[in-house]
Every structure is written in structure tokens, then in C-alpha cells.
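Letters go in sequence order (proteins before strands), and every chain restarts at 1. What you see is a predicted model, and the numbers here were worked out from it, not measured in a lab.
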2 protein chains.
Amino acid sequence: MAIKLQVGDCSDILKSVEPGSVDMVYLDPPFFTEKRHRLRNRDRSQEFVFDDLWGCHKKYAEFMALRLKLCRDCLSEEGSIFVHCDPTANHIIRTILDELFGRENFRSEIIWSYKRWSNSKSGLLPSHQNIYWYSKTSSFKFNRIFNGYSESTNIDQILQRRSRDAHGKSIYQRDENGEVVLDDDKVGVPLSDVWEIPYLNPKAKERVGYPTQKPILLLERIIEISTDPGDFVLDPFCGSGTTLVAAHLMKRDGLGIDVSQEAIELAQSRIESPIRSKSNLLEKGRDSYRTADKNAMVLLEGLDLNPVHRNKGIDAILKQTFDGGPVLIRVQRSHESLSEAANSLLKAARKKSCKLPILVKTHSDHDALFSEDTPEGVYVVGSAAMEISGLVEKLTAKVQNKQHFAVHGNTAAELIIQRAVQLKKGPSLL
Amino acid sequence: MAIKLQVGDCSDILKSVEPGSVDMVYLDPPFFTEKRHRLRNRDRSQEFVFDDLWGCHKKYAEFMALRLKLCRDCLSEEGSIFVHCDPTANHIIRTILDELFGRENFRSEIIWSYKRWSNSKSGLLPSHQNIYWYSKTSSFKFNRIFNGYSESTNIDQILQRRSRDAHGKSIYQRDENGEVVLDDDKVGVPLSDVWEIPYLNPKAKERVGYPTQKPILLLERIIEISTDPGDFVLDPFCGSGTTLVAAHLMKRDGLGIDVSQEAIELAQSRIESPIRSKSNLLEKGRDSYRTADKNAMVLLEGLDLNPVHRNKGIDAILKQTFDGGPVLIRVQRSHESLSEAANSLLKAARKKSCKLPILVKTHSDHDALFSEDTPEGVYVVGSAAMEISGLVEKLTAKVQNKQHFAVHGNTAAELIIQRAVQLKKGPSLL
DNA sequence: AAAGTAAATGAATCAGTAA
DNA sequence: GTTACTGATTCATTTACTT
């Protein structure tokens, strides 16, 4: 069979693996957290418990050094090892790896960064883990992956060919006419060592209830850059078997080892019927969720608020509450009338016991010349553009009135205008 | 003087710093790269050379241990140290820090991640550096920073209050009618330990040609979370002095030390006239790369106007004229006061025989609580954000007045509020 | 009118942290 | 130990829209 699973301590089992037969090792060893971890699966039928209690860090270091040495022995000449650590003790493992593989075979510190549930910690919210990549020799296998250029990159510049000037600095090449010279095809930016991959979600179908389960995408990427189909992958702390599931899906062979019988059974069943939940976030991108309009946010700049996505009726919520309820803000879009915008806001506001829904009016309806019905139930606030056009209109009318009806004295319209001007508290102009 | 700079080896100079007098230490020590670094500044007038040649890592460890120990001695009980490392040797420094400060005082591994130009090496593109944060004791100073919620977050749910069910699992609270119960103010998401800050743009004015120069935003954030104004900041390897420039701008005191006379001179001149190139990339996010001027235009969207570039006093001219002259519009910038903006506009208006200069007010000065002097000669128009904060403030005052002084009848404040509310034509609230 | 699809939104949980 | 807080994510369900 392509994928094998064995119950036991890897320090025993690895001795029977043929030296040089493994192309890539991925380890997710126990962390040095000095805590007991406990988790139930979804239907509460099983509880998984494991300890990260080591007493002192020397014991932990010895435990790891022995096993990492055995992993090294299994590796082929072109092979690589990826060791997953958490930020509290990565230096202990890193020091061991430096000694075993040599500083010159350190390839990368991969940062797996993710967003996740916040907590009340005083300090920064931990949201990354480290993966150390060492190769057995300097001639290691590596498959390049390229990504698109960043949005702010000047694509014209990328396409220009470069050369070195007299001082050895890089400059853009020009031909005899002083024109820029275009470069050959550019494939994109090489994969960076910081990987933003969403944390495996509590609700993901992929999740099997086993603690420490890694997103399959993380393992797919590691397998992708370091192995080819048919290569052999080893995971000596395989847990619920994500590494082997990924290897199986990508047509690699492999061996998974774990001390827990339950873990191995779980891994076996996952390999037989792999579930790989597709992530909307990764597939469609973060922007697909973004509904809070960027222009709308600019209008609200300076306010202390939280932008709201995934809600058509609301653009933002003030951080400050009002009368026990949230303050909801909506900006009128260019294509919608004031009453449409108001209805949309009101509908959302009703469910949230909001006592102060605020609508920002950005334009007038064309059919309503002098006044517009103020929508019921929302507070309407004008944008700067609204105020300006109102002001100019009124003052222009006033000037024209002065010219044409100077003898008639105050008309009704003029009285309205005067009041409007007073309200604006503008300086006396005429 | 608030900021002091000294030439010399910090192992000598630190001995004369009073123990417990330093609130925060930031170090960007020489890396253990085994290479000689050489860099010229822009006009090639100066060459900076510094060595990272250590022979063996024990020498490097000794060098660092001695100096880190001295830094620890300077720190106050609430103080913190931030040590900047690169991924090739972070474990050496980390191990020393664990011994000196204790594992229990490890606070965070901060990942500074950035995008940068690709090189051709085989492997992953290095695009992060590590900063280790240790505190002297467990009662450390920390100022919280909150960011917006993720685009994929369901804010409706976030606003609900929660409790525990029989199994101790978290559930959403409901009142006796089965309705959801809303929670108090939501501030946002605590700052994560992965910071994406653009690498200093090679063309940025901030760059002075000194190697390993860090973006000032990075230092500002470290200073922000760990110190208050008036606190004392120490940088024993200050180089071109970014730490001290940031400390100076943020009204902290500080001491910078460097072995190089040139570096100290450079740092001195930077502190005397700090240039802070603000990174558009960071302020507006990678995906909305636009300038402050463009933001001003968004505020004016819907008006029929011609944008004006490269004129400090004017942002736009209405296509419509007023009383034979142009209508000039200026948007108050976030860093300028209303009167500054007004003067700037007036100066430009005079040359253009403008009879209607309009100023858009985007924020209040903090010292002016209730009213601000209206500048003479210009029309002031409020932005939507201004109107909203005014509205919420007034209504909140009204609600509170109702509760506390219900029997007193109309107070002066209430009358003002009522008038304001009438003007807004909002719906009757109470 | 019924069926099928797309979009909106409601719900559940965690190698968390602190008092 | 026990209890209270936390928000990003995907799954589930409901609503809206199209054919």
C-alpha cells in the first residue's frame, strides 16, 4: 500500500526504516507548553488527552534530539525535514537541528500565520507558528511556486530589463535611442517564507476532533515544494494523519507513526475517505467578504467605529453605544435613493435594538427639486458634498434675487435663504 | 535634553546608566551572518562597513550575553526589552534571553513580515524578521491596540452576549422572550504578533543610506505598546537612530549608543529634523493604494468640479461659478487645524478673485469642546463624520440629562440640543 | 406558479487567557 | 479547579431572485 500507518513510539519504529529511503519528513512533535491538553470530538463520543509536561527543558531536548537524529538517518541525500514548533520553545528545537543538520543546511524559517479567536491576554495575540526547514545536504530538491505580483507593484518596471552600472548597482537598461528594453516573461514572485493560511476552523468538516489538527493546505504546500509524485513522506508524530492524507491525495507514498491507537485508527479512516473542506476565504479571497464600501469609509474617517461586512443594511457600527443599543451607520450609495437606503438601514436596525440609526445622504434625487421627504425613523446627516451644493444653490439664488427683485424687498424664498445662511454660520458675504 | 546620543561600546556606557531607570530597550544587534556588510549612502560620499564575522557562534553568544545582561540591569520593574533578530540565528539570542529573563517572562515572538524584491536563490524568499519581547517581571506595561474585525466575521453575532451551557460550552444568551441579548461596546481585535509593515521603500526620504535601517512605523508600534509619553527608551546599537527619532516624535526620552562616530552624527541630524515618510501602503492597506488627496476627492464626490493638484490651498474648483468668480474648495487635512486650513485656502482665494471659498471641516481640535471659532472669510461646511459625532454627543447628553434632571425642566443645554435635533429633522426620539 | 439557484445571515466552537 | 470572555471561520438555514 502507498500509505502505511503504525502504532508505537517513533524512536523504536524509525530504526526499522531503511536509511536514505525517505524524501521528506514532516514532524509536528509535542510542544514544550507544560500543560495538559484535552479535547472531545464533535459528538462527545471520544476524548483525546495528551500531556506536554516535561519538568525541565533538558528532558524535552533529549526526547527531541534522539528522534530527530533517527529522522535524519532515514533521509535521502536530496531530502528535507520540516519541523513544526510553537513560538514558546522553537529555539530549543532549532538548536538541536543546527547541530544535527549543520547551520549550512538551514533553508528557511517558515512562518505559518493565521487569524484566530481572540482572548483576554495582556499582550499581543499569538497568531503564528514556526516551521523549520533543514535539508540533509546542500543539493536539495525544491519545486518553485510563484505567486502574483502585489497590487502596488509597478508592472511597467517589472517588464524592463536591468543591468549593472559602473559601481555595480542595478539600473534599468536602455537601448541606443534611450528607450527602455523589455525583459523576458516574468513568472511572478517566488513563494515567501510567510504563509497566511486560515486556521482549521472549529466548524470545518475537515476537522475530526483531534487536537493539533493542521489544515491540509499547509501540508500540501510543504509536500509540493519538497517532493515529486511517487516520493516517500514520513510523519513520526502523525496524530490524526493530515500529512498522510495530503500525501495520499498528491500521490506520494508515506509512513505515519503515532503512539495513540485511536489516532492511528482515525488517520486510517481519513485516508480511506479523505475530506478536504474547501475554504471560501482561500478560494474567493478576503475581498469577496468585503461589503463595507471603501468610499463610504472615507466619508466616515475620523470616527471611532468598526466597519461592518456581510450586511447590506449597515456600513459601520460606532464603538460607542447609545442608550443601551448600538449606533448603526449607513452611507447612501450613488445608485440608490434616500428612501431605499433608509429602508435598508431600518430593516437591519430593527433586529439589533438600535435606537440611533444614522443615514449619510450623499446626493439628492433629481425629481425632488426643493425638498425631499425625510425618511421616518432614521437620522439623516448630510455629506460635505451635499452641504456644498446646497450652500452654493442658495447663495446663487440670493444674488440673483438681489439683482432682479431688489425693489421687492424680502420674498419668501429670500427669507428661507437667509435662515439657511445663518444656520451655516458662514461669514456675512454680501 | 530629551534624547541623548553617545559614541562607544554599549558594554562600557551601559554601566553608567542608572539601574531601573529605563522603561524600554530596543536592540538591533549585529546579526550572526558570517559576512562582511558594506553599503554606500545615496551620493556615495560615505561608506559604511560593519562586520558580522564571529568565527564561531560561542563568541557571538558571549558578546550578546554580556550586553543583554547590562540592558536587563537598566530596566525598570515594568520594563520590557525587544530584540531584533534575523531568522538565521534567532535561536542563539533567544536562548540567552530565556536564561537572563526567564521563560516565564517571554511575552511574544513578533514577526515583522514584508514584501520585497525577489532574488534568484533556490528555496523560499526570506521575507520576515523576528523580534523577541521579554519583560523584566510579570507585571509589565502594555498599552492595548485594537484593529478592525476580519471581513469574514459576522458582526451581528459578535454583538451578542454569551453564557455557558451545562457542559461549560459557550452559547448565546437569550432573554425570557427568547430574544438575543446585546453585549456592551465592542472595541475590535487585539493586535496580533505578526506585523506586516512594508520594508523601507528604497526611495523613501526616510532612508539615509545606513545599512539595516528599520522603518519608523515598526519602532513607533513597539514604543506605543510598551511605553507612555515621558518614559525612557534605550537603544544600545542605535545605528542611524530610527528608534530615537521615533521616541522623539512620540515625546519619550531616550539614549542611543553606537560604536560608530558617523552613525551617531547621522542619528543626531535625523533627530534634529525628523523626516517621516508616511507609508501610503500601510495607512490605506495594500489593496487601496491611494493618496490623501484622493480621499479628499471622495468627500466631494457628486459635485461637478475640477480637481486641483499641486496647490496647497485648493483641492477643487466647482465648474459652476459664483458671482463672476470661481468657487474654491479645500478639505481640512487630518494633521491641520481649522484655522490653518482656512488661512491656506484664503491665501489662494485672494489671488483668484474668489467670492465663495468653501472649507470642509473634517475634525475638531481637541481643546475646543463645545464650539470652535469660525474662521473669518470662508464658509465652513461639515463632513458627515463631523455631523455624526456631533449628533451622537448631543443625543447622549440629552438622554443623560433626562435621567438625572428630569424634574428640572428645560436646561440651557437641553434647549441647544432640541434646536440641534430640530435642525437635523431627525425623527422624534423620546 | 414552481423549481432551481444565489445571496444573506444565523450558529457553533477552539494546541486561548485571566481572575 | 472553575468560570467568564473572545472573534474567525465554515456549516446550516432562510430569503431573494431568476427562469
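Proximity of B/Pro87 to B/Asn130: side-chain heavy atoms (C-beta onward) are separated by under 4.5 Å at one or more points. Under the 4.5 Å side-chain criterion, counting only non-hydrogen atoms from C-beta, A/Thr362 is not in contact with A/Ser334. The closest side-chain heavy-atom distance from A/Glu196 to B/Glu196 is not below 4.5 Å.
Between A/Val331 and the options A/Leu359, A/Ile358, A/Val360, a side-chain contact (heavy atoms from CB on, under 4.5 Å) holds for only A/Val360.
Take A/Ser277 and apply the side-chain hydrogen bond (donor to acceptor under 3.5 Å, both in side chains) test, not counting sequence neighbours, and it matches A/Glu206. Listed by chain and number, the residues in a salt bridge (Lys or Arg N to Asp or Glu O under 4.0 Å) with A/Lys115 amount to none (sequence neighbours excluded). Residues that satisfy the side-chain hydrogen bond (donor to acceptor under 3.5 Å, both in side chains) test with B/Thr227, not counting sequence neighbours, are B/Arg252. A/Asp9 is linked by a salt bridge (Lys or Arg N to Asp or Glu O under 4.0 Å) to A/Arg67, counting only residues two or more places apart in sequence or in another chain. By the salt bridge (Lys or Arg N to Asp or Glu O under 4.0 Å) test, A/Arg330 pairs with A/Glu336, sequence neighbours left out. The salt bridge (Lys or Arg N to Asp or Glu O under 4.0 Å) search around B/Asp23 returns none, not counting sequence neighbours.
In this structure, CD of B/Gln173 is placed 10 Å from P of D/dA4, rounded to the nearest angstrom. Rounded to whole Å, atom P of C/dG10 lies 13 Å from atom CD1 of B/Ile155. A/Gln213 places its CD atom 14 Å from the C1' atom of C/dT13, with the value rounded to the nearest Å. Rounded to whole Å, atom P of D/dA8 lies 10 Å from atom NE2 of A/His309. In this structure, B/Glu151 atom CD and D/dA8 atom C1' are separated by 11 Å, rounded to whole Å. To the nearest angstrom, C1' of D/dA8 lies 12 Å from CG of A/Leu200. Distance CZ (B/Phe146) to P (D/dA8): 12 Å, rounded to an integer number of Å.
Separating the OG atom in A/Ser80 from the OH atom in A/Tyr26 is a distance of 14.5 Å, to the nearest 0.5 Å. The CD atom of B/Glu109 lies 4.0 Å from the CD1 atom of B/Ile111; values are rounded to the nearest 0.5 Å. Rounded to the nearest 0.5 Å, atoms CD1 (A/Ile317) and CG (B/Asp185) are 11.0 Å apart.
In terms of phosphate contacts, B/Arg174 brings a side-chain nitrogen or oxygen within less than 4.0 Å of OP1 or OP2 of C/dA11. Taking only side-chain nitrogens and oxygens, A/Arg207 comes nearer than 4.0 Å to OP1 or OP2 of C/dA15.
As judged by a 4.0 angstrom heavy-atom cut-off over every strand, A/Pro29 is placed among the base-contacting residues. Contacts of A/Lys214 with the nucleic acid, taken as non-hydrogen atoms under 4.0 Å apart, include base atoms. Backbone-only engagement by B/Tyr149 is indicated by non-hydrogen atom pairs under 4.0 Å involving sugar-phosphate atoms exclusively.
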Give me, pair by pair, the N or O atoms of the protein and of nucleotides 1-3 of chain D that are less than 3.5 Å apart, along with how far apart they are.
none

Taking only nitrogen or oxygen atoms into account, show me every contact under 3.5 Å that the protein makes with nucleotides 10-15 of chain D, one pair per line with its distance.
{"residue": "D/dT10", "atom": "OP1", "partner": "A/Ser279", "partner atom": "OG", "Å": "2.7"}
{"residue": "D/dC11", "atom": "OP1", "partner": "A/Lys205", "partner atom": "N", "Å": "3.2"}

Can you name the atoms? Protein N/O to nucleotides 4-7 of chain C N/O, anything below 3.5 Å, with the distance.
none

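One N or O on the side chain of A/Asp293 and one on the backbone of A/Asn295 form a donor-acceptor pair closer than 3.5 Å. Between the B/Asp175 side chain and the B/Val181 main chain, no donor and acceptor come within less than 3.5 Å of each other.
Taking a pair as Watson-Crick or G-U wobble with both distances under 3.5 Å, DNA chain C forms stems of 3 or more consecutive pairs at C:2-14 with D:7-19, C:16-19 with D:2-5.
Ring geometry for A/His84 against A/Trp112 counts as perpendicular: the plane angle is over 60°, on a 0 to 90° scale with 30° as the lower cut.
For A/Asp28, whose side chain is taken as the heavy atoms from C-beta onward, the closest listed nucleotide among D/dA8, C/dA15, D/dT6 is C/dA15.
Nearest heavy atoms, A/Arg207 versus A/Tyr199: NH2-CE2, 4.0 Å. Between A/Lys319 and A/Leu305, the shortest heavy-atom distance links the atoms CE-O, 3.8 Å.
A heavy atom lying under 4.0 Å from DNA chain C marks the following residues of residues 111-124 of chain A, by number: A/Arg116, A/Trp117, A/Asn119, A/Ser120, A/Lys121, A/Ser122. Looking at residues 156-163 of chain B, you'll see B/Asp156, B/Gln157, B/Arg162 sit with a heavy atom under 4.0 Å from some atom of DNA chain C.
Within the cation-pi definition used here (under 6.0 Å to the ring centroid, within 45° of the axis), B/Arg107 does not qualify as a partner of B/Phe101.
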